[in-house]
There are 2 protein chains.
Amino acid sequence: MEIKEFYDYCREIASYGSAAALVEWDMRTKMPPKAASDRSIVAGKLGRTAFEMSTSPRMAAFVEYFNRPAVNKQLSDVDRRNVELETKRYRKISAIPAEKYEKFMVACSKGEYVWQEAKAKSDFAMFRPYLEEIVAYQKEFVEYYGYEQNRYDALLDDYEPSITTQDLKVIIDGLKSELVPFIRQLREQGTRPDTSCLTGTFDKAAQEQMSLDVLKTMTYDFEGGRIDETAHPFTTGIGFGDVRVTTHYYEHNIASALFSTMHEGGHALYEQGVSEAYRWMSIHRGASMGVHESQSRTWENLVGRSEAFWKYYYPRLQNRFPQFQNVALDDFYKAINVVEPSLIRIEADEVTYNLHIMLRFEMEEALINGRAQVAELPELWNAKVKEYLGIDVPDDAHGVLQDVHWASGLFGYFPSYMLGNLYAAQFFATARQEIPDLEEQIAAGNLGALREWQRSRIHQYGALYDPKDLVVRVTGKPLDYHYFMSEVKEKYSRIYGIVPPESK
Amino acid sequence: MEIKEFYDYCREIASYGSAAALVEWDMRTKMPPKAASDRSIVAGKLGRTAFEMSTSPRMAAFVEYFNRPAVNKQLSDVDRRNVELETKRYRKISAIPAEKYEKFMVACSKGEYVWQEAKAKSDFAMFRPYLEEIVAYQKEFVEYYGYEQNRYDALLDDYEPSITTQDLKVIIDGLKSELVPFIRQLREQGTRPDTSCLTGTFDKAAQEQMSLDVLKTMTYDFEGGRIDETAHPFTTGIGFGDVRVTTHYYEHNIASALFSTMHEGGHALYEQGVSEAYRWMSIHRGASMGVHESQSRTWENLVGRSEAFWKYYYPRLQNRFPQFQNVALDDFYKAINVVEPSLIRIEADEVTYNLHIMLRFEMEEALINGRAQVAELPELWNAKVKEYLGIDVPDDAHGVLQDVHWASGLFGYFPSYMLGNLYAAQFFATARQEIPDLEEQIAAGNLGALREWQRSRIHQYGALYDPKDLVVRVTGKPLDYHYFMSEVKEKYSRIYGIVPPESK
């Protein structure tokens with residue numbers, strides 16, 4: 001058996017995956033409404049075909065052969081890693097009896113459907129039996145997958161391999177103990193920025209031009225991608241040379257398109273930067289969900305909400321939107337960095353965002369380990385929001401029903417968002433060390449300096465390394481939340497005019 | 001075996017076909033350039049999957065079972081027709097040994113590639129060996145397919161089932177004997193319209209708005225389709241509820257986008273009008289290439305180049321393009337109806353167009369029957385252009401190398417273009433009888449009157465009927481080229497101010 005046969009087979013699977021990605025991009029950007037129901041059938045068929053090929057007898061034979069110690073040790077690092085990733089996928093999927101997995105998929109599909117209505121009506125009771133069924137499957141699957149210490153590890157592994165529940169608990173306890181009082185200090189002692197300059201009417205065509213221009217400034221490659229409008233912004237790698245971003249324009253909110261575009265652009269730079277030699281391979285993707293999110297957060301927050309970037313870009317924004325002519329750079333900078341405990345995760349600022357993740361993680365982990373029941377979720381949710389963010393949840397639509405993830409069966413996914421923020425800060429601290437004039441480069445509009453650093457240290461490798469190894473390779477140290485905490489304390493103490501608390 | 005199983009299987013095939021159609025639409029409209037080579041692999045994989053399923057043992061079993069006389073006669077008309085179409089496809093594909101077909105596909109792929117360069121260099125000798133190989137395959141395939149009277153019948157059948165080579169020869173001999181002298185008469189005795197109003201600069205954004213507006217006026221359903229820009233306009237039915245058109249904008253040529261949009265819109269109205277009950281079925285498409293073309297030609301020429309339409313639409317065009325403010329309606333109408341023997345088929349007017357098809361048909365038919373050789377094609381071509389159109393061919397790029405069809409192995413396709421013009425005239429004559437105030441309706445901008453007639457008489461049936469049966473059902477008579485000839489003689493005699501010749 002030759003490794004080429006394995007790669008040929010993987011390319012066939014990836015062909016269906018690529019077609020499925022295009023169909024989904026189209027469904028969310030271009031498809032006329034009447035096509036929706038038939039197009040779901042097409043998307044489902046393509047997904048099922050790729051899925052079946054990943055667990056076929058053919059793949060079983062590859063997995064068996066290339067994992068034989070004598071064969072495996074002869075493989076190159078790249079080949080071995082591709083075999084490892086496909087083996088992992090094969091074993092995880094094969095662990096679940098096929099008819100159970102089918103039923104789970106149906107439950108999620110119903111769950112999403114009911115969730116939409118339940119959210120609209122703010123009626124958790126309506127959603128509860130569906131969520132109970134989904135959670136029951138997740139608990140059952142965990143037993144099939146197996147785990148060493150904590151049942152939740154088996155789910156986390158799908159999104160953030162090499163990080164354990166125990167690792168997360170340590171991070172979260174430390175982070176929470178610093179974040180919660182810091183946010184209170186900002187609110188009680190700080191001067192809240194005036195955000196009125198971000199309201200008004202912002203011409204849509206000008207916002208479109210701005211999005212194009214921002215992506216160009218970020219060195220996004222339009223020869224290998226494009227930007228379109230959608231309801232919920234996303235990035236999709238349809239294949240080599242085709243990484244598309246989407247954004248959304250609100251006439252009365254310029255910040256939304258601006259930061260969505262930079263966020264998605266950050267994801268896209270990662271995928272555009274993966275080595276061309278890896279095309280069609282399993283490693284032609286990000287190292288993990290968390291590392292992927294770190295790249296989007298870097299561009300959205302560490303660049304997009306920095307003083308350096310706006311030194312360069314603010315005059316350009318003023319040219320496009322005359323209402324900023326009378327707003328000072330510093331006022332604009334502060335306005336886009338307001339910290340505000342809020343109910344909705346996807347609207348949360350850089351500082352409070354992680355608290356939204358922590359409470360979700362804590363509830364997921366308790367559910368999977370049987371220490372909490374679905375019926376208790378609304379009460380648990382509201383109590384945690386009060387404790388961490390200091391605000392009251394008026395109804396479940398603004399609380400436990402706000403996210404689609406659980407309805408879609410995505411348990412173990414939320415922590416990636418938080419890890420993304422932490423990786424981002426740690427990577428950025430290293431970039432600052434290794435590019436001593438990084439701020440000056442950014443302030444001069446040369447964002448290629450950062451991008452090239454990211455490419456050479458992170459992007460090019462795709463999923464060649466586990467995130468745990470990658471972070472050590474790049475920064476010399478394991479993941480450490482203090483990078484994030486110092487970054488945030490220093491920046492927001494200045495903006496809010498308070499004395500920064502001591503670091504723990 | 002239940003018919004439902006057959007339909008389920010057909011829907012699976014159609015799912016891959018739908019994905020392939022979307023991938024191709026994207027390649028021609030949205031895809032960033034760097035994705036081109038990998039995306040071809042995806043398109044090829046989807047096409048091959050659908051192809052393999054159409055000739056699989058599973059399909060063989062359906063074909064065998066549902067064609068048993070006792071089973072077949074129990075089927076509904078719709079079921080029987082779907083079985084018939086899939087059976088035909090199965091038998092044609094299965095007739096050719098798989099490895100021969102593969103080699104043919106490779107030859108076509110190389111052929112297209114070389115043709116592009118040969119056309120650019122106007123170098124037929126370069127293309128000749130590739131075309132010889134393709135023609136050799138076509139001649140071989142014809143023997144596998146079998147035929148009753150003329151080898152060419154077996155090829156024609158792919159695009160225009162139920163029309164024979166002999167039928168075509170009769171039509172062409174008749175049509176040519178009237179068209180050639182009529183065109184000479186127009187040139188020698190008529191007054192050529194002044195076309196200067198069609199030159200100038202036409203704002204691209206205004207042309208885009210015009211295209212949207214024209215499609216809306218045609219009652220094209222944007223809830224089930226969209227329009228985009230492309231190099232070579234086309235229409236694609238991606239599935240039920242999704243029939244997309246494309247057009248091309250030239251800043252110095254308004255007629256191009258205008259008539260391309262109406263042409264493609266005509267194709268799209270057909271596909272949008274097929275009965276919803278036929279979704280996912282084999283009959284969810286046009287009755288034939290020729291009937292499809294008749295719908296595009298109806299909207300492009302019989303509506304789009306009519307006095308009635310411009311009575312309604314010209315003030316709207318004038319509002320969009322101020323340069324028409326000083327051009328009288330009649331002058332504009334005449335300008336868009338200039339008749340001009342020309343070298344390039346796709347630029348030909350309504351009157352001379354069929355001559356371009358005739359010469360191609362005559363050469364194809366001679367090639368397949370061994371009465372002509374590939375090496376002779378340039379000479380043959382130039383002689384026929386001189387004879388039929390009265391003009392000299394300066395080089396092969398403007399002659400035998402102008403179309404991609406032969407390089408793609410599409411022998412038997414060209415006649416559909418001519419048949420489309422003939423069907424269109426015959427259908428339209430019936431529409432005029434059955435909607436006595438048709439002209440008034442069009443002149444009042446109510447194009448829905450014609451569209452509803454087309455839908456109820458033609459569109460809704462999809463491919464339920466053979467074109468030969470359809471034309472009799474709709475018009476009460478077999479296909480007759482005199483409808484086209486009278487239409488053209490009457491219209492162009494008026495425009496050119498000549499006494500119309502007697503009809504034969």
Side-chain angles (χ1 to χ4, degrees), chain A residues 8-9 11-27 29-50 53 205 220-228 236-245 268 271-272 276 279-281 284, chain B residues 8-9 11-27 29-50 53 205 220-228 236-245 268 271-272 276 279-281 284:
Chain A
D8 284 347
Y9 190 69
R11 191 174 61 226
E12 284 187 49
I13 299 176
S15 292
Y16 292 115
S18 177
L22 182 67
V23 168
E24 297 206 1
W25 171 83
D26 186 72
M27 288 176 84
T29 56
K30 305 291 176 193
M31 184 184 71
K34 285 189 180 170
S37 92
D38 281 9
R39 196 59 41 79
S40 310
I41 293 175
V42 174
K45 179 75 197 160
L46 294 168
R48 244 180 350 265
T49 304
M53 290 180 76
Y220 173 86
D221 177 9
F222 279 95
E223 294 282 298
R226 50 181 292 124
I227 180 169
D228 295 273
T236 179
I238 294 170
F240 171 79
D242 197 354
V243 182
R244 304 183 185 190
V245 302
E271 302 227 351
Q272 288 191 330
E276 189 175 337
R279 62 210 273 183
W280 295 115
M281 290 181 179
H284 195 271
Chain B
D8 284 348
Y9 191 69
R11 190 175 61 223
E12 285 187 48
I13 300 176
S15 292
Y16 292 115
S18 177
L22 182 68
V23 168
E24 296 205 2
W25 171 83
D26 186 73
M27 289 176 84
T29 57
K30 306 290 177 194
M31 184 184 71
K34 284 189 181 171
S37 94
D38 281 8
R39 196 60 40 80
S40 310
I41 293 175
V42 174
K45 179 74 196 160
L46 293 169
R48 241 178 354 263
T49 303
M53 289 181 76
Y220 172 86
D221 177 9
F222 278 96
E223 294 281 298
R226 49 181 294 123
I227 180 168
D228 295 272
T236 178
I238 293 171
F240 171 79
D242 197 354
V243 182
R244 304 184 184 189
V245 302
E271 303 227 352
Q272 288 191 329
E276 189 175 335
R279 62 211 273 184
W280 294 115
M281 290 181 178
H284 195 271

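In what follows, every chain begins at residue 1, and chains take the letters A, B, ... in the order their sequences are listed. All figures in this text were calculated on a predicted structure; none of them were measured in a lab. Side chains are part of it too, since the values below use all heavy atoms of this structure and drop only hydrogens, waters and symmetry mates.
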For chain A, which of B/Val42, B/Asp26, B/Ile41, B/Asp38 has the most heavy-atom pairs under 4.5 Å? B/Asp38

Which one wins on heavy-atom pair count under 4.5 Å against chain B: A/Gly44, A/Ala43, A/Gly17, A/Ala19? A/Ala19

May I have the step-by-step check of side chain to side chain contact (heavy atoms under 4.5 Å, CB included) for A/Phe240 and B/Ser37, ending in yes or no? CA-CA 9 Å; A/Phe240 171 79; B/Ser37 94; over 6 Å; no

Which answer fits A/Leu46, side chain, backbone, both or neither, if we ask what part of it has an atom under 4.5 Å from a heavy atom of chain B? side chain

What part of B/Phe222 is in contact with chain A, defined as an atom under 4.5 angstrom from a non-hydrogen atom: side chain, backbone, both or neither? backbone

Nearest heavy-atom approach of B/Gly237 to B/Ala21 is O-CB, 4.3 Å

Would you confirm whether B/Ser15, through its side chain, and B/Arg11, through its main-chain N or O, come within 3.5 Å as a donor-acceptor pair? yes

Tell me, side chain or backbone of B/Asp221 under 4.5 Å from chain A's heavy atoms, or both, or neither? side chain

Donor-acceptor check, side chain of B/Arg226 to backbone of A/Lys30, threshold 3.5 angstrom: yes or no? yes

Under 3.5 Å: donor-acceptor pair, side chain of A/Gln272, backbone of A/Gly241: no

